[in-house]
Amino acid sequence: MTLKLYNTLTKQKESFKPRDAGKVSMYVCGPTTYNFIHLGNARPLIVFDTVRRYLEYRGFEVNYVQNFTDIDDKIINRALEEKTDALSLAAKYIEEYFRDSRALGVREATVHPKVSEHIPEIIEMIKGLIAKGYAYVVEGDVYYSVKKFAGYGKLSGRSLDDMQAGARVEVDERKQDPMDFALWKSAKPGEPSWNSPWGPGRPGWHIECSVMSLTYLGESFDIHGGGFDLIFPHHENEIAQSEAYSDGRPVARYWMHNGFITVNQEKMSKSLGNFFTVREILAKYNPEVVRFFMLSTHYRSPLDFHDGKLEESQKALERLKNTLASVEAVLKGWPGPHPGQDDLTPLSQAGKEAAARFQEAMDDDFNTALAAAALFELAREINTYISNLKGQALSLEDGAALDQARGTLLRLGKVLGLFEQTQVIAAGDDGLTDGLMELIISIRQEARVNKDWATADKIRDELGKLGVVMEDTPQGVRWKRRN
RNA sequence: GGCGGCGUGGCGAAGUGGUAACGCAACGGUCUGCAAAACCGAUAUCCGUCGGUUCGAUUCCGACCGCCGCCUCCA
């Protein structure tokens, strides 16, 4: 089986063949850091982090680059409001960004380059574009001439004529064509700026990605990712810049774009004001719940958000965690695997099938929803197996089978970024909690032996009010914190 | 106006040219002192509407209806 992915450029699924055998170079557009990220911003983070994890699972070595736009108009304006300077404001929100992304289980990229630290390279590329005749200077600004680039519009599937008909933006008279865009913007008084051959100023929005991807990944790297709304104009312009600069050689081999998070079917965006920050959501939900929610729909489809969705994801995820906890409990006292105990039971088969289905799903353009189904199917097999033990003593074979199945479930879940942060076993945060719980459980068990149901139930009910769930399973008493 | 996407059981969501995964909810049963968890079982004659192609379409084609996105900063 080969990995297939949908390429926005060709509008079809293609077999993935990396530029360099065994290695994947990947660039994902990062945030403009002028405030906290919201759930919509988090989708590409989680989606492409999962893509990366799966590529690694498939044995590729992944070089993952995600930039920070730490200088632009929004940052400058925000800095003025907060009476600080642009770069320190950006630095602050880069910190905040990492707090959120880490919480969501998003691994750090191999490199996180910042625009402000690549000004010389940016100036170089702009000079090159001017030299090749693709850009022109007007009063300290530099513009890219879209008409000079024959392939303009190939990613977004539109022609310059169509767009001009629909354009309703104020046209800057100094531009040769209304669609021309800025590579370099001259600084107004008081604005942060860098010296350049065209006078003090700062880079336009699009040039940074061309420069950074080229710097860190080279020409024709493998995967370029981002949200749907970046297709035009950002990625279109990036192609125009990079390919003009490198004499027509493609920027990236595959372009991937994730769909939006919507609220009441409308795009979640800062301008509409219908957004939820990652920060506020994580105050209420386990990060893995958010992750599971994001991955329960295919990445290219829109994903509608409301609290009920997270509740549902939470319960679904709990099912998986309950299974892991059950295995854990059953395996208590099991001496460990012995050689030669593979493939002894139907459960081993089930594990293999689940892994195969998982891979097949992920190979098909990262179908995480289908991949998750494989997890649930395996969980049911495990539960059934445990259920059939009926509390009897565990044989070595049973132990081996369960241990193996559990390993598969964990391994596959981790590709989706699940089961990493929360302890699978419902356990406390320190030894004290565990010790106290053991004590409480033994007292309650005594009451149960004495058929003192009132006391037993009171303990369970009161613990419930404190957020601790107690279950009397055939494998013994189990407790966990709710959520 | 141009370009693109979506419409599957109560909800969410996969999917296939030969009659529909998975999760949540609800229902019946098993287990349990009772619960919870878990297991078993029945639930979509049907995949927006209308046509067409086909032996056969939810899946292909066309029209229509509805919703959404991009074309301007936006993940």
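The structure presented is a predicted model; accordingly, all values stated were derived computationally and were not measured. In the text below, chain A, chain B and the rest are named by the order of the sequence lines, each starting its count at 1.
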request  = Answer yes or no: is there a side-chain heavy-atom contact under 4.5 Å between A:N274 and A:K267?
outcome  = no
ask   = Is the ring centre of A:F305 less than 6.0 Å from the ring centre of A:F276?
value = yes
task = Please tell me which of A:A374 and A:D229 maps to the more 5' nucleotide of RNA chain B, matching each residue to the nucleotide holding its nearest heavy atom.
result = A:A374
ask   = Rounded to whole angstrom units, what separation is found between the CZ atom of A:F228 and the P atom of B:C71?
value = 13 Å
ask   = Using the ring of each side chain (for Trp, its six-membered ring), is A:F68 parallel, tilted or perpendicular to A:Y97, with breaks at 30° and 60°?
value = perpendicular
task = Specify whether A:H257 and A:F228 have parallel, tilted or perpendicular ring planes, treating 30° as the upper limit for parallel and 60° as the lower limit for perpendicular.
result = tilted
task = Between B:A75, B:C70, B:C22, spot the one nearest the side chain of A:A373, thanks.
result = B:C22
query = For the side chain of A:R481 and the backbone of A:G467, is there at least one donor-acceptor N/O pair under 3.5 Å apart?
reply = no
message = Base, sugar-phosphate or nothing for A:E311? Non-hydrogen atoms, less than 4.0 Å.
response = nothing
query = Between A:F276 (CZ) and B:A75 (C1'), how many Å, whole number?
reply = 17 Å
inquiry  = Does A:I37 reach a base, just sugar-phosphate, or nothing at all? Heavy atoms under 4.0 Å.
reply    = nothing
note = Stems for RNA chain B (at least 3 consecutive Watson-Crick or G-U pairs, under 3.5 Å) come to B:1-7 with B:65-71, B:10-12 with B:22-24, B:27-30 with B:38-41, B:48-52 with B:60-64
query = Do other residues, nucleotides or ligands put more than 12 heavy atoms under 6.0 Å from A:K4 NZ?
reply = no
task = Give the nucleotide from the list B:A75, B:C22, B:C74 with an atom nearest to the side chain of A:F376.
result = B:C22
task = Could you check if a side-chain atom of A:T110 sits within less than 4.5 angstrom of a side-chain atom of A:M26, using non-hydrogen atoms only?
result = no
inquiry  = Taking donor-acceptor contacts at under 3.5 Å, does the side chain of A:K267 reach the base of B:C74?
reply    = yes
request  = Report yes if the side chains of A:E108 and A:F98 come closer than 4.5 Å at any heavy-atom pair, otherwise no.
outcome  = yes
ask   = Expressed as a whole number of Å, how far does the C1' atom of B:G33 sit from that of B:A21?
value = 39 Å
task = Could you state the atom-to-atom distance from CG of A:D180 to P of B:U72 in whole Å?
result = 13 Å
task = Could you work out the separation of B:G15 and B:C60 based on their P atoms and round it to a whole Å?
result = 12 Å
ask   = If only atom types and distance count, is the side chain of A:D304 paired as donor or acceptor with the main-chain N or O of A:Q265 below 3.5 Å?
value = yes
task = Pick the P atom in B:A37 and in B:C27, then give their distance to the nearest Å.
result = 13 Å
ask   = Which whole number of Å gives the distance between the P atom of B:G62 and that of B:G5?
value = 12 Å
query = What one-letter contact string describes nucleotides 31-40 of chain B from 5' to 3', where B marks a base within less than 4.0 Å of any protein heavy atom, S marks contact via sugar-phosphate atoms alone, and - marks no contact?
reply = --BBBBSSSS
query = For atom P, what is the distance between B:G9 and B:U45, given to the nearest Å?
reply = 10 Å
inquiry  = Mind checking if A:G226 touches a base, just sugar-phosphate, or nothing, with heavy atoms under 4.0 Å?
reply    = sugar-phosphate
query = What is the per-nucleotide protein-contact pattern of nucleotides 9-16 of chain B, from the 5' end, where B denotes a base atom under 4.0 Å from a protein heavy atom, S denotes such proximity for sugar-phosphate atoms only, and - denotes neither?
reply = ---SSSS-
request  = For B:A13 versus B:U19, give the span between their P atoms, rounded off to a whole number of Å.
outcome  = 25 Å
ask   = Counting side-chain heavy atoms from C-beta on, which of B:C73, B:C22, B:C70 comes nearest to A:E377?
value = B:C22
ask   = Above 12 or not: heavy atoms from other molecules or residues under 6.0 Å from CG of A:N450?
value = yes
request  = Determine whether the aromatic ring centres of A:F36 and A:Y93 lie less than 6.0 Å apart.
outcome  = yes
Evaluation steps, side-chain contact (heavy atoms from CB on, under 4.5 Å), between A:I37 and A:L45 = CA-CA 11 Å; A:I37 60 168; A:L45 300 183; 3.9 Å; yes
task = Could you tell me whether the side chain of A:F149 reaches within less than 4.5 Å of the side chain of A:Q241, counting heavy atoms only?
result = no
query = What class does the angle between the rings of A:H235 and A:W255 fall in, given that below 30° is parallel, 30 to 60° is tilted and above 60° is perpendicular?
reply = tilted
key: Position toward the 5' end of RNA chain B (nearest nucleotide), A:D72 or A:F292   = A:F292
inquiry  = So A:G259, base contact, sugar-phosphate only, or nothing? Heavy-atom distance under 4.0 Å.
reply    = base
message = Rounded to whole Å, please give me the gap between CG in A:N237 and P in B:U72.
response = 11 Å
inquiry  = Without decimals, in angstroms, what is the distance between A:E266 CD and B:C6 C1'?
reply    = 16 Å
request  = Take atom CG of A:L412 and atom P of B:C22, then tell me their distance rounded to the nearest Å.
outcome  = 17 Å
ask   = Base, sugar-phosphate, or nothing for A:F260, non-hydrogen atoms under 4.0 angstrom?
value = base
ask   = Which whole-number value in Å describes the distance from A:H206 NE2 to B:U72 C1'?
value = 11 Å
Interatomic distance where NZ belongs to A:K154 and C1' belongs to B:C3 [whole Å] = 18 Å
message = In whole Å, measure the gap between the C1' atoms of B:U58 and B:A20 for me.
response = 8 Å
query = Is A:K315 touching bases, backbone alone, or none of the nucleic acid, heavy atoms closer than 4.0 Å?
reply = sugar-phosphate
key: Same-atom distance (C1') from B:A26 to B:A42, integer angstrom   = 12 Å
